[in-house]
Amino acid sequence: MKVITTAIPDVLIIEPNVFGDERGFFFESFNRRRFAELTGCDVDFVQDNHSRSVKNVLRGLHYQIRQPQGKLVRVVQGAVFDVAVDIRRSSPSFGQSVGLELSAENKRMLWIPEGFAHGFVVISETAEFLYKTTDYWAPEFERSIAWNDPAIGIQWPLQGEPALSVKDQQATSLAEAEHFA
Ligand SMILES: Cc1cn([C@H]2C[C@H](O)[C@@H](COP(=O)(O)OP(=O)(O)O[C@H]3O[C@H](C)C(=O)[C@H](O)[C@H]3O)O2)c(=O)[nH]c1=O
């Protein structure tokens, strides 16, 4: 497992050791001890999620203002452009984002700590997205920030307008959103 830093120090790219042979491949998608050794974060995930989306679906930018969730995200079919936005008011990178392609092919994962909004857009025909979270889903605490907020300025690799949930169509701007301290 290799850890690659990003423009925001707390957001990390994880590249697993992939063992291939004539049958196919094997890799450890999560190993708590190894993850803690390499990232300095001893995480206790409590929930696994799995979503499937078609091309141009954009899910995000989401976070929970209470019971915030750290997320370890990856793609097991297709490809997405995945984005984390720092919404910690006291952070020097407040409002900044990190975006990269996660795919079944590159097997890259992204570690997104608590304090970030998260989203992705599907760039393949379909994509299956798996992620582990450090706290439970709490819909009463869920918040959405607009994917196209110019104050964040994410350069989404989009063909036309994205397909959004009603919740995401009604998302607030970064300026109006509730932030972390
Ligand atoms: C997140 C979640 C949702 N649900 C139910 C609620 C809805 O009936 C259905 C779809 O939920 P939603 O439209 O909020 O799903 P996404 O738009 O994929 O939301 C996620 O998208 C971005 C990318 C994230 O990072 C968050 O984990 C999460 O907000 O699943 C659950 O039962 N448990 C859950 O943990």
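Counting starts at 1 for both ligands and their atoms, in listed order. Everything quoted here is computed from the prediction, not taken from an experiment.
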For this session: Apply side chain to side chain donor-acceptor pair (under 3.5 Å) to Glu142 and Trp137, showing your working.
Result: CA-CA 8 Å; Glu142 268 193 329; Trp137 178 53; 3.1 Å; yes
Exercise. For Asp168 and ligand 1, does the shortest N/O to N/O distance drop below 3.5 Å?
Worked result: no
Seminar exercise, completed: for atom 18 (O) of ligand 1, nearest protein heavy atom and its distance come out as Arg59 NH1, 2.8 Å
Exercise. Does the ring centre of His179 sit less than 6.0 Å away from the ring centre of Phe116?
Worked result: no
Problem set entry | Spatial distance of atom OG1 (Thr134) from atom CD (Gln47) [nearest 0.5 Å] | 10.0 Å
Problem set entry | Per-atom contacts, ligand 1 versus Phe120 - under 4.0 Å to a heavy atom | 23 (C)
Exercise. Between Lys167, Lys71, Gln69, His62, which one has a non-hydrogen atom sitting closest to atom 28 (C) of ligand 1?
Worked result: His62
Exercise. What protein heavy atom is closest to atom 5 (C) of ligand 1, reported as residue, atom name and distance in Å?
Worked result: Trp137 CH2, 4.0 Å
Exercise. Any protein heavy atom sitting closer than 4.0 Å to atom 20 (C) of ligand 1?
Worked result: yes
Exercise. Is the closest heavy-atom distance from Tyr131 to ligand 1 below 4.0 Å?
Worked result: yes
Problem set entry | For atom 23 (C) of ligand 1, closest protein heavy-atom neighbour | His118 ND1, 3.5 Å
Exercise. Does the ring center of Phe25 lie less than 6.0 Å from the ring center of Phe19?
Worked result: no
Exercise. Do any non-hydrogen protein atoms sit less than 4.0 Å from atom 7 (C) of ligand 1?
Worked result: no
For this session: Check step by step if side chain to side chain donor-acceptor pair (under 3.5 Å) holds for Thr126 and Gln77.
Result: CA-CA 7 Å; Thr126 61; Gln77 185 275 318; 2.9 Å; yes
Exercise. So which heavy atom in the protein is nearest atom 35 (O) of ligand 1, and how far is it from that ligand atom?
Worked result: Gln47 NE2, 2.9 Å
For this session: Can you sort out the partners of Asn106 under side-chain contact (heavy atoms from CB on, under 4.5 Å), two or more places apart, ordered by chain and number?
Result: Glu101, Ser103, Arg108
Exercise. Quick one: hydrophobic cluster around Trp156, which other residues, with the 4.5 Å side-chain cut-off, linked directly or via members?
Worked result: Leu58, Leu61, Tyr63, Ile65, Phe81, Val83, Val85, Ile87, Phe94, Val121, Ile123, Phe141, Ile145, Trp147, Ile152, Ile154, Leu158, Leu164, Leu174, Phe180
